[in-house]
Every structure is written in C-alpha cells, then in structure tokens.
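First up is the structure itself, then whatever we jot down about it.
Letters A, B, ... are given to chains in the order of the sequence lines, protein chains preceding strands, and every chain is numbered from 1.
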Amino acid sequence: MTTETLTMGKALNLGLRRAMDDDPKVVLMGEDIGRLGGVFRVTDGLQKDFGEARVVDTPLAEAGIVGTAVGLALRGYRPVCEIQFDGFVFPAVNQIVTQVAKISARSQGRMRMPVVIRIPFGGGIGAVEHHSESPEAYFAHTPGLKVVSVSNPVDAYWGIQQAIAAPDPVVFLEPKRRYWEKAEVDLDAIPEPLFRSRVVRRGDDVTVLAYGPMVATALQAAAAAAEEGRSLEVVDLRTLSPLDLDPVVDSVRRTGRCVVVHEAQVSHGLGAEIAARLTEQCFHSLEAPVLRAGGYDVPYPPARNEEEYLPDLDRVLDAVDRAMGF
Amino acid sequence: MTTETLTMGKALNLGLRRAMDDDPKVVLMGEDIGRLGGVFRVTDGLQKDFGEARVVDTPLAEAGIVGTAVGLALRGYRPVCEIQFDGFVFPAVNQIVTQVAKISARSQGRMRMPVVIRIPFGGGIGAVEHHSESPEAYFAHTPGLKVVSVSNPVDAYWGIQQAIAAPDPVVFLEPKRRYWEKAEVDLDAIPEPLFRSRVVRRGDDVTVLAYGPMVATALQAAAAAAEEGRSLEVVDLRTLSPLDLDPVVDSVRRTGRCVVVHEAQVSHGLGAEIAARLTEQCFHSLEAPVLRAGGYDVPYPPARNEEEYLPDLDRVLDAVDRAMGF
Amino acid sequence: MSTVPELVQLLTPEGQRVEDPTHAIDLSADELRGLYRDLVLVRRWDVEATALQRQGELGLWPPLLGQEAAQVGAGHALQPGDMAFPTYREHGVAWVRGVDPLHVMSLYRGVDNGGWDPAETGLNLYTIVIPAQTLHATGYAMGVQRDGAETAVLAFLGDGATSQGELSEAMIWAASFSAPVVFFCQNNQYAISAPIERQSRVPLAHRAAGFGFPGVRVDGNDVLAVLAVTRAALTAAREGQGPTFIEAFTYRMGAHTTSDDPTRYRLAHEVEEWRRRDPIARLRTHLEQEGIADADFLAAVEAEGEELAARIRRGTIAMQPRPAVTMFDAVYAEQPPPLAAQRDEFLAYQASFEEAGR
Amino acid sequence: MSTVPELVQLLTPEGQRVEDPTHAIDLSADELRGLYRDLVLVRRWDVEATALQRQGELGLWPPLLGQEAAQVGAGHALQPGDMAFPTYREHGVAWVRGVDPLHVMSLYRGVDNGGWDPAETGLNLYTIVIPAQTLHATGYAMGVQRDGAETAVLAFLGDGATSQGELSEAMIWAASFSAPVVFFCQNNQYAISAPIERQSRVPLAHRAAGFGFPGVRVDGNDVLAVLAVTRAALTAAREGQGPTFIEAFTYRMGAHTTSDDPTRYRLAHEVEEWRRRDPIARLRTHLEQEGIADADFLAAVEAEGEELAARIRRGTIAMQPRPAVTMFDAVYAEQPPPLAAQRDEFLAYQASFEEAGR
Ligand SMILES: Cc1ncc(C[n+]2csc(CCOP(=O)(O)OP(=O)(O)O)c2C)c(N)n1
Ligand SMILES: Cc1ncc(C[n+]2csc(CCOP(=O)(O)OP(=O)(O)O)c2C)c(N)n1
Ligand SMILES: [Mg+2]
Ligand SMILES: [Mg+2]
C-alpha cells in the first residue's frame, strides 16, 4: 500500500499522469495546460514529461477544443479536454450537445466518443463573473453524456482515471474551491466504481444528498446537527448522470425525509430530478417533500455577495428543519 | 370584433406584422427569413413590406444572429431572432446564457435585453436529425431568461406580440408540428397575459399539464378518458419560465393526482421541476406522486421511430392509469 | 502573403482542354471514362432520390444536381486510407468512396442517421449541424499526425458554412498545428435562399490567406480541375505542408432540399446560364472529341444508370424502420442502469398493447 | 485584395517623429501634453490597483502595463457619441471615456459587475467571455446604421480572442452589412501563457482581407500612430466605408492578471527588450525634445498621479458590498412572482438570524 497525502489538485494531476502512462492514446487539450500547467496547475509538469503532442496548448476557443477532440477520438485517441472555467464551456455546448453526445447513437455504436471534458466548477473563491458557474444540469439533461463530480482527493485520483478509461463521453466536474483540500490517497487501492453514489455518513432523521463542493458542506451540517441531537445521513451522489439513486432510496425509505444540496440555481437543477424520482420511488415512505437547498434563481452574484448566494451549513440545516417540520 | 380563421403559422405572421407596425424599433433577424419568408413561411411577406433593414436575412451563424441582436438591443432596438430549427440553437447558447440572460443583472438594470428568440421546436414532422429537439429545459434553467411556448393560433398571435413588447429576453418556442392547425382568432380581443398558465379543460380525477405541441395531445387523452368515465383536468402551462403554478396547485389540491407531459427527454426536463414544486406545495393533498410522460432519455430517434418516442394519447393515459393506481 | 489564383480550369464549358502547367493532370482513357461514369451515375441516383421523395418514400432529399463534378473530382483525389468528412449533400463523394447508396437513402428515409461504417469506407457520417464536421476533420488530422501516418483528411463544407465560427476555428487549428486537412468548400452560390454575397464580399478562397495557408479557387463544374487541385492539396497535406482551402465554384441547379422552393429567391435565367456550364456535358463533349467515348460506351453508362436507379428504388421502398427499441441501444457503450430500466419499461409498455390485442 | 501595410509608426522607440503621409496627424502642444498625462495617470492607476490586489483589497486585477499607448490612443480617437466595447483590460480606454476608476475597481473588488452607465460614458461594460462583445459592437453598429447616425463603434479584443469563432462571425457580419465598426486588437503577444504563434502564423491584420475589409498594423506602443490609425478607421466607418481591423502590436509587460505567474512561460530578456519600447518614455522624450514638456509639467503630472492613486486607494478600501438582496433585483425588468417569492424567503431567512441574535 502506497499512500500519499494529496490535495485534490495534485490527486488529479497524478491521476492524469497515470492515465497517460497506462494508455499512449490519452491526449490532454486545453488553454494554458502545457507550459503553464493550467490556471489551477492541475496539469503541472505533464507537458514536460509527455511532450507537446500529448499535452496540447490549444488556441483560445472552446468549440475548437471539443470539436477537434471529437476528431481525435474518431481517430482512436482518448482526448481529455480542460475547459478553463465553468463559465467558458458555453461556446463548446454545440459540439458537446449535438456531436459528442450523439455520435454513438448516430452511428448505431460504430463510433464511440471516449472524450473527457474536465471543468473546474462552482463558486466560493471570490472570482469575477463567469468563474463560479455550476452548469451540470445542462449536461445531465443531455442523453449520451455521462456527468460526474468529485468531492475529495481519493475520488479525484481514481475518478479521472476511470473517466478516461470509460468508453463514453464524461463531463468531469471538479469543485475548484476544494482543489486545495487534502486527504490520504492509497495509490494501490481498488477504487470504487465511478458511476455510483455513496453514503458518507450514517444517520436516521434526514437524508442529505450533495455532490462536488457541497459534500463537505453537508458533512459540516451533519456534524452541527449531531450536536443538537439530530442525525443526518449524508450521501455523496458522485454520478449526476446516470443517477445512482438506489442507495438513496434505501436511505430515504428509512429516514422519510430528504434534502438535496447544490450550488447551481435551484430551478431545473439536479435537485428537481432527484426530488421527482425519489418521490416516485419512496412515495409512501416520505414524511415530507424532498426539499432543496441551492443557489437562487439569479445570475451568480458579484463575489462579495456569494456567501449569501451559496448554500452553507446554515442553509442546509434550515432545509433540514423545514423537512422535520412537515 | 374582427375574427379570422388562422393557422398558427399565419397567426404568428400577423402577430409579427402588427408588432412591427406598432413599434418601428422591432427588427427581425434570421437565416432565410426575408426573401424566402422563413423555412416555415412564418415571416412571409414581411421583408417586402418592411424592407431589408427591418427583416434581415443574416449570414449563416446563430451566435452571430443572437450576438448582433444583443448589440441592436443595446442601441434601443427590439430584435426578434429566428433560429431555423431547435437543433441549431446550440451555437447561440453562449450568447444566450452568458450575455442575453445576464446583461440586465450585470448592469444592475441599466441595460435591458428586450430580445425575442423564436424557435420552431419539437418533433412529429418526420424530419432528419437535429430538427425535432425540445431544448426548453436548458433555457428554463437559465436565470434571466423568460421562456414561453404556445399551443394554438390565438396564443401565437398575441403571445408573439407580448413577447416582443416585454422588456426582458424571451425564448419563444413554436410547436412546429402545429403550425398548420387552425383556429378562430379575434384580432381585437384583450389578450390573456403572457406569463400565465391556463386550465383548458375542467376535470376531477387527474390534473394533466402540458405545453406547446402536447396540449392537443393532452386534450385528446382527456376526451378519450372521458369516454371511459375518467375526468381529466388539462392545464396549458404556456409559460415555462417563470412557472405559473398557482392554478395547477389549486387543481392538484382538488384532484390529488398529476401527470406532466412533454416531448423533451424526461430526465431533468420541465416535468422534474414541476413535480418537485408541486410536491412541496401540495404534499398533503397528493394521493400519488406527480408522474411524467415524456421523451425517453436517448437522442431523438430517426424519424421512422419518432412515434414510439413521442408521448401520445396512449402514453398520457398510461401515466394517468399509473397515477390512479397509486 | 500568398495570392489567390484565378479560377483554375482545365476543361472549358465547351469541353475544350486548357493547359495549366501548375495544375497538370494526366489521366488515362480508362480513368476519364471512369470519371464520366461516376458523374452520370450519381446524377441518376440523385434524380431517382428526388422522385422517391416526391412519392413519399423519403422524408427529405438534398439534391446534388449541378455539383457532380465537384464531388466526384474531390472524391477521386482521395486515397484509400484517407478520411473525408461530408455535409449532408455529398452523395457524389459517398459514391466514389464506395458507400452503398442505400445507406444514404436510409438516412433520408428516416430509418437511421447513417448506416455505413466510416472506418471501412473512409467517409465519416453525414453531419447536419453546419459545419461541425470541419472541426472533427481537423482533430482527426491531428490524430493522423500523432500516428505518423501518410494520410490526408478532406473536410467538405458549403458557402453558407463559411460564416459559422466553428469553421474559422477549424482553420485556425489546422494552421496552428499544420494539420494534414484540406477544406473543400462547394460554393454553390446559395445557402438555402441566401446568396453568396450575404456571407462574403470577396471570393471565399481569399479567406485562407488571413489564416496563414493557401486558398485555391477552382471551377467546380470541371471535374479535371477539381481532381487536379484537390489531389495537389491532399498531397501537400500528406507531405506535411499543412492545410489548404479549396473553393469549388459551382451551382446548385436544384432546390436546397425537396422542401425548398427556389423560385422564391432566384431567377430562372440565372439557372439557365449555369445549365450551359453543366459538368457532365462538358466532359462528354471532351471525351467524344478525343475519341475516348463512343455511342456504345455512353449507352452502356446510361443503362448502368437505369439499373442503379432501379436497385435504389427497390431497396429504398423495401426498407423498414428499425425496431423502436433500438433507440435505447447505442446511446452509450455501457448502458446505465436507469436507461436499461427505461428500456425494459418501454418493452413492457409495447407488449401491453400486443396483449391487449390492439 | 488589399495588402497589409507594414507596421505604422509615427514615433520611434527613441522618441523620434517619423513622417508618414498616409497617416498624418497634427496635434497641438496641449493635445500632446494631454496624451502624455493620460498615459501617466492610467499607469499610475494600474500600479495602484496591482498593489491593492496584493493587499487583498481587490479579488483580481488584470494590469494594462505596457499597453497604455494602445488604449489611450484608441480612446482618444473616439468622438463623444461613439460607443466602445471593451474586454476586461481596457482601463486606459475607460479613463479616456471618463469612467470613474472606482467603477472599474468595484468590479474587481467583487462589489458589482460594472457600475458605470454605458449610455452616458460611451463605454459598454467590461465583457469577460472572450470575445462576445465583438458581436455586440457589430450589432450596435447595425443599429447606428438604422438610425442614420454619424456614430462609429470600436470593439476591443486581444490576440487570443482572434481564435474564437464569434470574432470571425462579427467580422463577417460587419463586412456583409458594411457596419460602422472598427475592430481594435491589442496583440500583446500572449493569451495568458499562449504566445501569439499559437493563434496565428501570419500577422493578425492579414485576417481582415479574407473577410473583405482592410487590416492595419500599428505600433501599439506609439500613441500617435495608434491615434492616427484608429481615428482614420473610425472616420471611414462613420462615412459609410464599413469596418477596419486594427492590430496594435504591443506587449503585456505584467502578468496576465494578479493570479498569473508569467515566469513560467516567458523569458526575462523578452520583457527587457520590450521595456526599451516603453510607450510613455518615448512620448516624454519627444515632448522634451520638442520643448513641449518641461520639468514642471512632468512633475505636475506625477503629482496628479499620486493624488489619483490616493483617491483610488481611499475609494476602493471604503467600498462595501451591496446588500445581498440586490442580487434578486435587476435580473428582470419585470420580476416574476416566483422570484419575488424567493426574494421574500431570502429576506425572512436573513432576518431569522438577526432575530436569533447571531
Ligand atoms: C448550425 C446550423 N444552422 C442552420 C442549419 C440549417 N441549414 C441547413 S442547410 C443550410 C444552408 C447551408 O448552406 P451551404 O453551407 O451553402 O450548403 P449547401 O446547402 O448550399 O450545400 C441551413 C441554413 C444547419 N443545418 N445547421
Ligand atoms: C470564452 C473564454 N474562454 C476562456 C477565457 C479565460 N481567459 C481569460 S483571459 C484569457 C486570455 C486572453 O488573451 P487575449 O485575448 O490575448 O487578451 P489579453 O488577456 O492578452 O488582453 C483567457 C483564456 C475567457 N475569459 N473566455
Ligand atoms: Mg451553398
Ligand atoms: Mg493577449
């Protein structure tokens, strides 16, 4: 067993390195990912070791990055695109939605799209406009894509490798404000499967679902609730499309109450689908409607207001209170 | 009272004409909308009467259409963009999501975006790939946009005028397979407000929500159900963002059961948000979970399979049965 | 800065051979007859497809009428290992690449979205979103570079497509990475109703110089010139000289698609003028004048066309929809459990009708 | 096809005036001193802002260091009724347009996304998504045409921005409609870490010819040349001659933003080389040599810079966040009931903390 204490950023870096070692067809593409090592340094040192043909500093255009990645995939490569910030994925949406997502179905499976689109996402770092978006619902609503988010260095290390190895396109969401958080990573472990959710804290009163940056927040809320004698079960969703709700259904059947937490604006966000499905599957067990704690239905506010926009420990506990009050 | 029997296409045409007569700042922009009158002839004759400066045949690029519309709006114009088909809106998504939707908030309301984006949407016409999409959820999830869909010539005639007169950006979804359906339109009536839903058939057993192309389907289902002694209340949602659920809540509190119908893939579609909200607001009245009849979570299939993909009368009744069986 | 040459032409509309030392081409009589045959057959297919659409057997058909030389010429410039990325109108290229016309018919019948295998035929599936395929072609060419292969890539696009930002991005990528890709633009003068002047006030071939690579303008109704120019560009790409942009100057003689009514936006006399530059007639005249084609040969080609048309008609009419459940099957390589469940529900739902005997 | 001129220069790095009959400019001593003053003041502001960011008073700062002449020159070419569309770095243009620097500071402090009024200042809000504003500028110019106004529009962009498809679309629209818009590209040699060679292997000014309008290349560190070239282009636009693309050849002397570490991707000696072409030093030399500026004047400008810096510092530090509830207020002109309800819930939620005395 080789364990290392890694930040999430470094875990991703090592995961990418290992994926590139394992498969010569893996090619990284993006703005500033080579020389500079990416604005978050996630690809630091990789161009130096793997060369410019495998770590490609691209021109500045997201449609170009994803569109040429499609072509590389058609030629047998496994491109890993970095979108520099969440708010800059939109120029690539046409390629993602009309091409990446549809090519397998279009070709009756003759052509596959093993493309990974890495997106540092979410707020909490005091950034300017377009640098704090949570665009996951757009992708989760798009058949043909898979969408995952990681919440900790262990999942980051394994998840990026699993996403690259997957035969389907994966939108890989990295919670940028957690890049610097550390954990022990066992580099030889047998990883958990990528497209599975996981109970990260046991509890009996309310099930709290979260993913990416909000998992830590949910765990903080659970710790605070415990002090007041309330027991929260926390689930890290991990996979946003496909959803893996089986463990959640089990949990909710037991607790009868559920709160979904995400940074994205709440309307038509992930919480909506989860609430709809859980209600269908747990109708007779639910003692309260599935409630949501999310961003408000407004454009992400200026940085100095983001604390009030983002769900935090208190917002989660407030939703938990409301669920208990039903 | 001047009434005319109009197809939905013609009603839109007259509505656009009247909006252009009323306000010289209204400018139409799009591919093939001038000389040709649009591929669905919705703008037929308008360039002839209003000239090339007000009915602009653009180069072939959707980002260009919407991006220059933003500039025209900043100069005081009221641009109405036509996206030729639903599947071709994606190149414009960057301008729509990062600019059109955010400029009012970005400028603290100093700048407004009275832009209308008309999109013929949905399936049922036997078209090739990318011509049968239902992209409404992407826009409904985007704060700053308003999203409406019309289901009949009367709403089409008034709705397009109201959307153009609105001070906010409106994504205006036209159910292309209903373009040829006719109704009497009273050209002097006082129209219903745009951002309101409407009960279009009274009933007691199950509330069925639909919008755009599916309203007719829901009404057919209600007629068929009536023959079997089952009474469906049908609501035409009309406004997808903001949602106007008050009339629906009243209805569901009475019926205790609800089915949402749309063509878009069901996961993370409009039905998810509606189900989540209704469950919150009607929790103690619901006798069954809010169920959804929608497209499957696959890319829109080839035309000769679309009948099986699209919700139809039987699919709606099936969902109604399931709701009753809870 | 490279200058854009005048229109390259090797065969006048009257069928006269023009000598052009920088675009030399030397074809055997067999090769010339082969080109002629392809031109005639793809036109015959196209006419049949238009008729089938009128009869309700196809959902839609985008005719290539008038663009046969551009497509057949470009198709013949490709080598077996090369890869071409078509739009939705490249039936002539599909033909030359050996794609079974019925695979193209099945797409426009609404049976599938492209039934051939790109890996086998060297022709990517048709791409309808304009011009997404130009980026794919460029990325594919970057893969070719990484493989160290002697392969070139040909990206098709229309004149209208030149306005889409994605094409500019493809050109920028191609230049920046010196990728072995050739952009082949059929300027057929219209994007549905929009005349070329709406997209550009200078010849499209000029566009390339601004991105740092050569642009060539060729008479798109001259199969010899198209072949020569495209072959040269593909060879340059294969040899590591990077991209070229080819503007094939041609004309869409028919409607944009069978849903279109071109009388609304263009005048009959313009069409008539272009009819005099017909790509097939000029090659026939040339072959006849040179004694390469005689009446027997011409008749044999006509007869082959009729056979082909009959086969296409039979095959098309016989085509049945695929079972609807297949819509679930190729969405992913690894089908997620929720989708598998949806598929099961779909099957159960369908079965319920059969049980009910409806 | 128009040819691209060599770099237009009216003032050498050594401060010598170059005569160029096609780009004549005749400025009064006052005007020259005014330009100098603006150059110094915007640099002083920029330095102060960088320092404030280091001290935690700003979230981020993108320095204009080295690009003062490009921005001040372009800004002065505008007439009062004209409209400019900046990126996120055009502090020099904002200054010349009379935008209060504190409005720019509030943006980078995270207080708002742009607090000035574009209608009043003739400067659109900063746009961060590259290069969305170039389409806005073009559409605005189409509005100007419809108004029959004598107004020109200036769209700013960087060298990296030239790779985005939206810029190409803006250029195509501008050409197609002959819109009165000038594209002003500050080629500062880098897009964060990407050197200009990644975006283009030919000078960016060449790009325009392929779209059918003139491209000009100007020494971006020469405020006189920038002013002359931009003024001429804006005049042409105003007179109905359509768009121009200007490449201002300059250098980003600082980091991309305060978050960036340029030592990772460029060499110190390159920066040193460009330091010798400093835009302010050369104008000062010229003014001194011509006897237009004396020590008193120079000292006065320095002093004014210190005052400005102090005012900016005080103002920035004093800036408070706006009440969070304002995030609900300007999303729509007509606030929808569900959002109003969300706003009410938000206020109630906030109030619950106050009640609880937390
Ligand atoms: C992104 C996108 N927008 C719009 C369309 C609709 N459309 C189909 S063909 C066409 C015109 C294309 O013109 P051109 O590129 O000249 O090709 P041609 O049809 O003449 O071969 C348009 C606008 C599309 N397919 N894709
Ligand atoms: C669409 C988009 N993608 C990525 C970014 C992130 N980004 C911000 S500045 C920048 C480099 C811009 O370079 P250039 O256009 O040369 O302007 P400069 O910063 O040098 O002034 C990048 C990649 C962005 N703002 N917008
Ligand atoms: Mg064309
Ligand atoms: Mg730059």
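In this structure, chain D has heavy atoms under 4.5 Å from both the backbone and the side chain of Gln164(C).
At least one donor-acceptor pair closer than 3.5 Å links the side chain of Ser200(C) to the backbone N or O of Val202(C). For Thr250(D) (side chain) and Gly66(D) (main-chain N/O), a donor-acceptor pair under 3.5 Å exists by modelled atom type.
The shortest side-chain heavy-atom distance between Tyr126(D) and Asn113(D) does not fall under the 4.5 Å cut-off.
Heavy-atom pairs under 4.5 Å with chain D were tallied for Ala208(C), Ala170(C), Gly165(C); the largest tally goes to Gly165(C). Of all the listed residues (Glu169(D), Gln199(D), Arg201(D)), the one sharing the greatest number of non-hydrogen pairs under 4.5 Å with chain C is Arg201(D).
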Full working for side chain to side chain donor-acceptor pair (under 3.5 Å) between Glu270(C) and Tyr251(C) = CA-CA 10 Å; Glu270(C) 183 184 287; Tyr251(C) 195 78; 2.5 Å; yes
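At a threshold of 4.0 Å, the pair Arg238(C)-Asp82(C) counts as salt-bridged, since one of the basic side-chain nitrogens sits closer than that to a carboxylate oxygen. Looking at Arg252(D) and Asp159(D), no side-chain N of the basic residue comes within less than 4.0 Å of a carboxylate O on the acidic one, giving no salt bridge.
Using a 4.5 Å heavy-atom cut-off against chain C, the contacting residues of residues 175-191 of chain D are Ala175(D), Ser176(D), Phe177(D), Ser178(D).
Applying the 6.0 Å contact sphere to CD of Glu150(D) captures no more than 12 heavy atoms from other residues, nucleotides or ligands.
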